[in-house]
Amino acid sequence: MTDQYYDEFLEITGSSRNFIEDINNFLLDHNCKREIKTAKSGFTVSYLFQDAKRTLATFVCRKTGIKIRIHPQRLNEYMEFLDTLPTKMKKEIAKASVCKRLVNPDDCNPKCVMGYDFIMDQERYQKCRYMAFLLTITEESVSYIMKFLPNELTP
């Protein structure tokens, strides 16, 4: 979809617009390609690595505001970063649904990509890939999101 759709997406972002534009520009400047789709709840704006064609992050529209879903591939290399997150972000991660496939592989669709097994604040979590790092865009969270993403960009 064209930049027209991105402009339409920006129109609904409200007070998060500048933060979203900062994240967008950062990802586009770091070898990511933007793909936009319309969904029931609004737009989804995904950022894929151009060389690997895997998704790094996706903006999603929710009734509670704009969120970003981060899909880390190398979380084990920088897991201690999660301990630095503010309490609100940690609560979002902690309340995410458990990855059924990690707990019992027979409980989930075998085609499902397995979730994340990580430690945050000395507690082990096994979270669903699609919910684990679905973070609300706020003034407080954006600086941490901008620290999270580069961990996946550096080789």
Side-chain angles (χ1 to χ4, degrees), residues 9 12-28 30-32 34-37 39-49 52-155:
F9 164 69
I12 64 168
T13 59
S15 62
S16 300
R17 182 181 180 132
N18 290 338
F19 304 134
I20 289 167
E21 287 185 289
D22 288 346
I23 295 168
N24 171 73
N25 293 336
F26 175 80
L27 291 171
L28 292 179
H30 286 86
N31 200 31
C32 289
R34 182 175 65 209
E35 288 186 358
I36 304 171
K37 297 178 183 172
K40 191 175 178 180
S41 58
F43 294 97
T44 60
V45 182
S46 297
Y47 297 85
L48 293 80
F49 287 106
K53 295 188 179 176
R54 75 172 171 83
T55 303
L56 169 58
T58 303
F59 287 115
V60 293
C61 301
R62 295 288 191 261
K63 290 179 184 175
T64 56
I66 305 296
K67 294 185 177 266
I68 188 167
R69 178 180 291 125
I70 300 173
H71 296 284
Q73 295 292 310
R74 300 171 26 210
L75 185 61
N76 288 339
E77 295 173 24
Y78 59 90
M79 194 181 328
E80 65 281 351
F81 166 76
L82 299 176
D83 294 341
T84 70
L85 296 175
T87 303
K88 284 184 181 180
M89 292 177 77
K90 288 179 182 178
K91 284 182 181 177
E92 285 183 303
I93 294 167
K95 76 175 184 181
S97 42
V98 170
C99 175
K100 294 177 189 175
R101 198 145 179 238
L102 280 170
V103 176
N104 180 356
D106 296 330
D107 282 351
C108 196
N109 184 332
K111 292 182 181 179
C112 178
V113 177
M114 210 170 288
Y116 302 103
D117 190 343
F118 60 93
I119 296 171
M120 180 173 67
D121 291 339
Q122 300 172 0
E123 188 173 338
R124 184 176 182 204
Y125 293 93
Q126 294 181 309
K127 298 295 183 176
C128 172
R129 172 177 176 76
Y130 298 100
M131 301 305 291
F133 302 105
L134 183 61
L135 307 167
T136 304
I137 302 291
T138 65
E139 187 171 349
E140 180 183 37
S141 71
V142 77
S143 65
Y144 291 91
I145 291 166
M146 293 296 279
K147 291 174 187 170
F148 197 153
L149 294 171
N151 287 313
E152 289 295 318
L153 297 169
T154 53

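Keep in mind it's a predicted model, so treat the numbers as computed, not measured.
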Aromatic contact, Tyr125 with Tyr116 (centres under 6.0 Å):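 No, the ring of Tyr125 stays outside the 6.0 Å limit from the ring of Tyr116, centre to centre.
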Inter-residue atom distance [X].[atom1] - [Y].[atom2], 0.5 Å rounding:
X	Y	atom1	atom2	answer
Phe9	Asn24	CZ	CG	8.5 Å
Ile145	Glu140	CD1	CD	10.5 Å
Phe59	Ile23	CZ	CD1	4.5 Å
Asp22	Leu27	CG	CG	11.0 Å
Gln126	Arg101	CD	CZ	13.0 Å
Met89	Phe133	CE	CZ	10.0 Å

Residue pairs involving residues 109-122 (criterion salt bridge (charged side-chain N to carboxylate O under 4.0 Å, His left out); sequence neighbours excluded): Lys90-Asp121, Asp117-Arg124
With a 3.5 Å distance limit and no angle check, can you tell me whether [X] reaches the backbone of [Y] through a side-chain donor-acceptor pair?
X	Y	answer
Glu152	Gln73	yes
Ser97	Cys128	no
Arg54	Phe49	no

Steps toward side chain to side chain contact (heavy atoms under 4.5 Å, CB included) verdict (Val45, Ile20): CA-CA 11 Å; Val45 182; Ile20 289 167; over 6 Å; no
Over 12 foreign heavy atoms within 6.0 Å of NZ, Lys100: no
[Y] and [X], any side-chain heavy atoms less than 4.5 Å apart:
X	Y	value
Lys127	Met120	no
Phe118	Pro72	no
His30	Leu149	no

Nearest atoms (heavy-atom pairs only) where Leu153 meets Cys32: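 For Leu153 versus Cys32, the nearest heavy atoms are CD2-SG, 4.4 Å.
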Over all atoms of both residues, closest heavy-atom pair of Phe19 and Thr138: CE1-C, 4.0 Å
From CA spacing to verdict: side chain to side chain contact (heavy atoms under 4.5 Å, CB included), Ile12, Phe43: CA-CA 9 Å; Ile12 64 168; Phe43 294 97; 4.2 Å; yes
Exercise: do Thr13 and Ser16 side chains pair donor with acceptor under 3.5 Å: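 Ser16 and Thr13 do not have a side-chain donor-acceptor pair below 3.5 Å.
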Derivation of the side chain to side chain contact (heavy atoms under 4.5 Å, CB included) call for Glu77 and Asn151: CA-CA 9 Å; Glu77 295 173 24; Asn151 287 313; over 6 Å; no
Met114 vs Cys99, side chain to side chain contact (heavy atoms under 4.5 Å, CB included): CA-CA, chis, key distance, verdict: CA-CA 7 Å; Met114 210 170 288; Cys99 175; 4.2 Å; yes
Trace of the salt bridge (charged side-chain N to carboxylate O under 4.0 Å, His left out) decision for Glu92 with Lys88: CA-CA 6 Å; Glu92 285 183 303; Lys88 284 184 181 180; over 6 Å; no
